Amino acid sequence: MAPQNPSLPSGPASGPVEFFVDLTAQEVLRQAQVLAALGPDWDPMEVMRQEEAAYALLYSGLDERQQRVYDDLVAAGVLPRRGDGRAAA
């Protein structure tokens, strides 16, 4: 079995040195902490519905110039196309 802490070369490095870190345990712990912080009542589908409603409100009531900018941003791929491609009235 290979040693956990191999000795470092004593001379100058002649090429790339392999570096490996296994973050699996830290990632599992991070995920558990995030889910614990969200709590048992967290409903991801309701969050998505609320986010869509917020976007609809954000892009509602645009004047002509704002609508043109919105359309340009959608055409450029900066904003996703929603509904018929027009901001909500």
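Predicted model only: the values in this text are computed from it and were never measured.
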Just jot down the salt bridge (Lys or Arg N to Asp or Glu O under 4.0 Å) partners of Glu51, sequence neighbours excluded, or say none. none

Sequence neighbours left out, what passes side-chain hydrogen bond (donor to acceptor under 3.5 Å, both in side chains) with Gln66? Give chain and number order. none

Clusters formed by hydrophobic residues whose side-chain heavy atoms approach within less than 4.5 Å: which one holds Met48, and what are its other members? none

Please step through salt bridge (charged side-chain N to carboxylate O under 4.0 Å, His left out) for the pair Arg49 and Glu52, ending with a clear verdict. CA-CA 5 Å; Arg49 282 189 287 275; Glu52 287 299 318; over 6 Å; no

Side-chain hydrophobic cluster, 4.5 Å single linkage: members besides Leu38: Val34, Leu35, Trp42, Val47

Return each pair, listed once, that meets side chain to side chain donor-acceptor pair (under 3.5 Å) where at least one residue sits in residues 20-37; pairs must be two or more places apart or across chains. Asp22-Thr24, Glu27-Arg30

Between CZ on residue Arg68 and CG on residue Asp72, distance to nearest 0.5 Å: 8.5 Å

side-chain hydrogen bond (donor to acceptor under 3.5 Å, both in side chains) involving Glu64 - partner list, sequence neighbours excluded: none

Side-chain hydrophobic cluster, 4.5 Å single linkage: members besides Phe20: none

Tell me every residue that passes side-chain hydrogen bond (donor to acceptor under 3.5 Å, both in side chains) with Asp41, counting only those two or more places apart in sequence or in another chain. none

Hydrophobic clusters join Ile, Leu, Val, Met, Phe, Trp and Tyr when side-chain heavy atoms are under 4.5 Å apart, directly or via other members; which others share one with Val21? Phe19, Leu23

